[in-house]
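We name chains A, B, ... by the order of the sequence lines, and we start the count at 1 in each one. Quick caveat, the model's predicted, so the values are computed rather than measured.
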Number of protein chains: 2
Amino acid sequence: MTQIPKIPNRHDKDFNDETRKIILQTSRRLFLEFGFRAVSTRRIAEACGLTQPALYHHFANKQDLYLAVHQEMLTETRQGLDRVARRGGHLKDSISGVVRYLLATQGEDTNLLFHDLAHELDMDVRDNIGNLFRENVVAPIAAIFARAIDQHILLNIDEGGISPMAATYLLLSMVQGMAHVPSQPEPDMALYSVDKTADSIAEIIVNGLPRSRPS
Amino acid sequence: MTQIPKIPNRHDKDFNDETRKIILQTSRRLFLEFGFRAVSTRRIAEACGLTQPALYHHFANKQDLYLAVHQEMLTETRQGLDRVARRGGHLKDSISGVVRYLLATQGEDTNLLFHDLAHELDMDVRDNIGNLFRENVVAPIAAIFARAIDQHILLNIDEGGISPMAATYLLLSMVQGMAHVPSQPEPDMALYSVDKTADSIAEIIVNGLPRSRPS
DNA sequence: CCTACCGATCGGTAGG
DNA sequence: CCTACCGATCGGTAGG
């Protein structure tokens, strides 16, 4: 019998689980910045110090890697939002805490994620990530608005208000929007600290743009 | 001398300027939905009923076509926003008019455009489109907020307000955000008419989420 | 405006 | 985890 060469597999010592973590954190950074299509598997591998086929020992394919990245990230986001929610406080403080968390963690780029879900991913992966996003991001934030409606702080739809989910998507889009404000010669929001930006967004959501007098 | 075969060029009758318009409107639709990278030149050509190399008789390359699409579109947006501005009226009415125009024309996807500018285009095209966006979209909207600050309706930065440009990016992101709210079994904002959605966003920008009582 | 084609790059596989 | 390689697709060109 000929000698069978050593082929690493997930049961060997040299099948390094550390490598999987490196691939995950590297591809997370790249996918979040550039999106699914613009990040090639070779680019991920190179950034990890691997050859491209090596990725396929840890993930079945590119979409599977993208899914794993978002499963991990959305779980983390859920934990952060739950921590904010447990602090309680008034509506504006809760909103400010949510915004601060989203800004500080440089979390999901909602728009880039939606673009990938709509155009780049197969149905099963799309549904999987879409459900995780609704469960782990939208639901916890919407609960804050729903609570304010129950306490008659905000109006419900029948009274001329908007739904908790619509309020949540509005909040998420405002967080994304502040990232695009170009830096100015004079000090501007983009140069503010995360805390100040979060308070400012929360203030606008609850009371609108700062006015001279309540009209 | 051998017979020189007929090669169409821009001076011939069969070099159809109508074709250029078809390419522009077709690629506009595709670029707006899928972004620069995801739209191949072959896909554009096929949608126009042409072969892919035929595109290069009308545009030097893919980026040049992308540029022409946005030059045309941003000019149209400028005209629409100027028309809204000329109507005058109170701040909330102006904002509502802007939002209504942006929603009705299914204009620029700001986030997709920013992604392309940041990651997909050469510096010269990026700067060109970036300048056009600031001149034709940001500036007209920011002027509305600047006017409200001059009239002491909104606070300026020193008084705790935000800059006209920051307010503009916030408005643009809110418009984008409403497009992502999933349709619900119960009637929701996504099912509202453009007019109602525009009024709702304007109300939130000026007065915040609808509350039971001014606190 | 077409056919034919170029080099580069893509996601993924074979096989060890 | 590597080398070697596959078919598909990309933007763009040659030449008529």
Rounded interatomic separation in angstrom, taking CD1 from Ile44(A) and P from dG11(C): 8 Å
Distance in angstrom units between Arg37(A) CZ and dT9(D) P, rounded: 12 Å
Nucleotide dG11(D), atom C1' - distance to NZ of Lys62(B) in whole Å: 8 Å
Touch class at under 4.0 angstrom, heavy-atom based, for Ser40(A) against every strand present: sugar-phosphate
Pairing partner of dA8(C) (Watson-Crick or G-U wobble, both distances under 3.5 Å): dT9(D)
Nucleotide dG11(C), atom C1' - distance to CD of Gln52(A) in whole Å: 7 Å
Separation of dG11(D) C1' from Arg42(B) CZ (nearest whole Å): 7 Å
Evaluation steps, salt bridge (charged side-chain N to carboxylate O under 4.0 Å, His left out), between Lys92(A) and Asp199(A): CA-CA 8 Å; Lys92(A) 191 155 72 177; Asp199(A) 286 345; over 6 Å; no
Spacing between His58(B) atom NE2 and dG12(D) atom C1', to the nearest angstrom: 16 Å
For atom CG of Leu55(A) and atom P of dG12(C), their distance in whole Å: 10 Å
Contact nearer the 5' end of DNA chain C, comparing Arg43(A) with Ala60(A): Arg43(A)
Ala54(B), nearest nucleotide to its side chain (from dG12(D), dC5(D), dC2(C)): dC2(C)
Pairwise distance CD1(Ile129(B)) to CG(Asp116(B)) - rounded to 0.5 angstrom: 8.0 Å
Whole-Å gap separating C1' (dG11(C)) and CZ (Phe31(A)): 12 Å
Tyr169(A) ring center within less than 6.0 Å of His180(B) ring center: no
Strand partner of dG15(C), provided both Watson-Crick or wobble distances fall under 3.5 Å: dC2(D)
Thr51(A) side chain, from C-beta outward: closest of dT3(C), dT3(D), dC10(D): dT3(D)
NZ or CZ of Arg37(A) within 45° of Phe34(B) ring axis and under 6.0 Å: no
Step-by-step salt bridge (charged side-chain N to carboxylate O under 4.0 Å, His left out) determination, Asp17(A) to Lys21(A): CA-CA 7 Å; Asp17(A) 268 353; Lys21(A) 294 179 185 172; over 6 Å; no
